[in-house]
Amino acid sequence: MAQSGETVAQSKGLQGVAADFASDQRAFKNVPWGKAMMWIFLVSDTFIFSCFLVGYMVVRNSTQVPWPEPSHVFALSFGGDPIPLILIAIMTFILISSSGTMAIAVNMGYRQNRKAAGLLMLATAVLGASFVGMQAFEWTKLIVEEGVRPWGNPMGSAQFGATFFMITGFHGFHVSIGVLFLFITSYRCMRGDFDPPGRRGFWTSRRGNYEQVEIMGLYWHFVDLVWVFIFAFFYLW
Amino acid sequence: MAHAEGQQHPLGVYFKVWGWLFVLSLCSYMVDILEVQSYLRWTLIITFMLMKAGLIMAVFMHMQWERLALVYAVIMPPAVLLVSFIAIMTIESDWTYAVRGVFFGATQAAGVH
C-alpha cells in the first residue's frame, strides 16, 4: 500500500542522502507527500518566526534604554506576593501537555483506534483553546493595567511592546488556527473518515487516512516548538 | 499494519519524552525563580531550550525515524542561514548601540542591556 512502490534496498547515512536526492520521482522516501509538504511549510514558518526573534534581538541589543524586566512585567499575584512569570509557566505546561496528548493521538490513529485518536485530539484542542484564553488575559492585563503599547510603555524600552505583541500575537494566531483544525480533524476522525477505504474530503475529494492525524500533529508540535524558543528568548532572557 | 509508511512506535517512548519535557520546563522556570544571572543564566536557558526542542523534533515529530534526506532538508537551511543571520545582526545592533551612545549621549544607560 506504500504510495512509492519502493522495492529496492535503500542505502543509509550520507550515501542515502545523496541517493535520495539524486533519485527519480521523489526525494523524500518513506514519507507521503502530504507529510513532506507539511514539513516544507514548517520550514518556511521557521523562517518567519526566526525573523521575528532576530528582529527582537536587534532592537533589544541596540537600545540604550534598559529593557523591561520580563519576570516582573509578567508576574501575577494570587492574593499574596506577586509570583514571577507564573502565568507564562502555566501556559508552557499546558502547551506541553497538549503536545503529549497530540503525540498519543497520532499513535492511536495508526493503531486504527479512531475513538481514542479523536478524543485525544479533542483534548489537545481544549488545552490549546485554554492557552489562547490565557494569552488573551495576559494581553488585556498588559494593555489595560500596565499601559504597554506597541510604541511605548512606562517600564523601559519603547520597543518592548512592538516585539511582544508581534511575536506572541503571531504565535497565538498559529495556536488558534491549530485549535480550529484540531476540532475539524477530531470530528472527521471520530466520524470514521480515516478508516479504510476512507471517506472523500470535502475540498479535495481525496480519500482520508490516518496520515492526516500525523500531519495535524506535525503542525501542533511545531507550534509547541516555537513556544519553547519564545519562552526562552522573550520571557526568560 | 495497514499502512507501510505509517509511524508505529511503542507508547512508552511518548510518555517518557512527555515527562522529560515537564522536567526541562520546570528547570528553565527555576532559572528565573532562583534568579540565576548573566552567563550562567543564558547558558542554562539555551541548554534547556535546545534539549526541549530536540526531544520534540526527534520523538514527537518522528524525526529520528525519518530518512536522513528529509532531516537534512528540514534542519540544514534554517541552521546555516540563521547562524549567519544572527551573527550579522549582532554586529549591526552593536554598531547601532554604539552610534546611539555617541549621538544621544546616553552614557549613563550603558551597562546591562
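Lettering of chains follows the sequences in order, A, B, ..., and the numbering in each one begins at 1. Since this is a predicted model, take the numbers as computed values, not measurements.
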* To do: Against chain A, label B/F22 side chain, backbone, both or neither, depending on which of its atoms sit under 4.5 Å from a heavy atom there.
  => both
* Asked: Of all of B/R67, B/M61, B/K52, which one pairs up most often with chain A through heavy atoms under 4.5 Å apart?
  -> B/R67
* To do: Scan A/E214, A/E211, A/Q212 and name whichever one has a side-chain hydrogen bond (donor to acceptor under 3.5 Å, both in side chains) with A/K35.
  => A/E214
* Asked: By a 4.5 Å heavy-atom criterion (distance strictly below it), what part of B/I75 contacts chain A: side chain, backbone, both, or neither?
  -> neither
* To do: Kindly assign one of parallel, tilted or perpendicular to the pair A/F49 and A/F170, based on the angle between their ring planes and the thresholds 30° and 60°.
  => perpendicular
* Structure fact -> Residues passing the side chain to side chain donor-acceptor pair (under 3.5 Å) test with A/D195, sequence neighbours excluded, are A/R114, A/Y210
* **Under 4.5 Å from any heavy atom of chain A - which part of B/M63** => side chain
* For the side chain of A/H72 and the backbone of A/P84, is there at least one donor-acceptor N/O pair under 3.5 Å apart? -> no
* To do: Please determine, among A/L218, A/L236, A/V43, A/L225, the option with the most heavy-atom pairs under 4.5 Å with chain B.
  => A/L236
* Pick from A/S97, A/A232, A/P70: which one has the most heavy-atom pairs with chain B under 4.5 Å? -> A/S97
* Find the one option among A/W39, A/Y235, A/F231 whose heavy-atom pairs under 4.5 Å with chain B are most numerous. => A/W39
* To do: Flag the one option from A/G217, A/G16, A/S99 with the top tally of heavy-atom pairs under 4.5 Å to chain B.
  => A/S99
* Asked: In terms of ring plane angle, is the pair A/F222 and A/H174 parallel, tilted or perpendicular, where the classes change at 30° and 60°?
  -> tilted
* Sort B/L70 into side chain, backbone, both or neither according to what part of it lies under 4.5 angstrom from a heavy atom of chain A. => both
* Asked: Which region of B/E35, side chain (C-beta onward) or backbone (N, CA, C, O), has a non-hydrogen atom less than 4.5 Å from a non-hydrogen atom of chain A, or is it both or neither?
  -> neither
* To do: Tell me, out of B/L21, B/T90, B/V74, who's got the most heavy-atom pairs with chain A below 4.5 Å.
  => B/V74
* Structure fact -> So, the part of B/Y14 with a heavy atom under 4.5 Å from chain A: the answer is side chain
* Structure fact -> Exactly one candidate in A/V179, A/T124, A/V175 meets side-chain contact (heavy atoms from CB on, under 4.5 Å) with A/S98; the answer is A/T124
* Structure fact -> One option among A/I40, A/N107, A/L14, A/D224 has the most heavy-atom pairs under 4.5 Å with chain B, and it is A/N107
* Asked: Which answer fits B/L24, side chain, backbone, both or neither, if we ask what part of it has an atom under 4.5 Å from a heavy atom of chain A?
  -> neither
* Tell me, side chain or backbone of B/L68 under 4.5 Å from chain A's heavy atoms, or both, or neither? -> both
* Structure fact -> Residues passing the side-chain contact (heavy atoms from CB on, under 4.5 Å) test with A/P68, sequence neighbours excluded, are A/V73, A/N153, A/M155, A/S157, A/F160
* Given a strict heavy-atom distance threshold of 4.5 Å, which part of B/V31 is in contact with chain A: side chain, backbone, both, or neither? -> neither
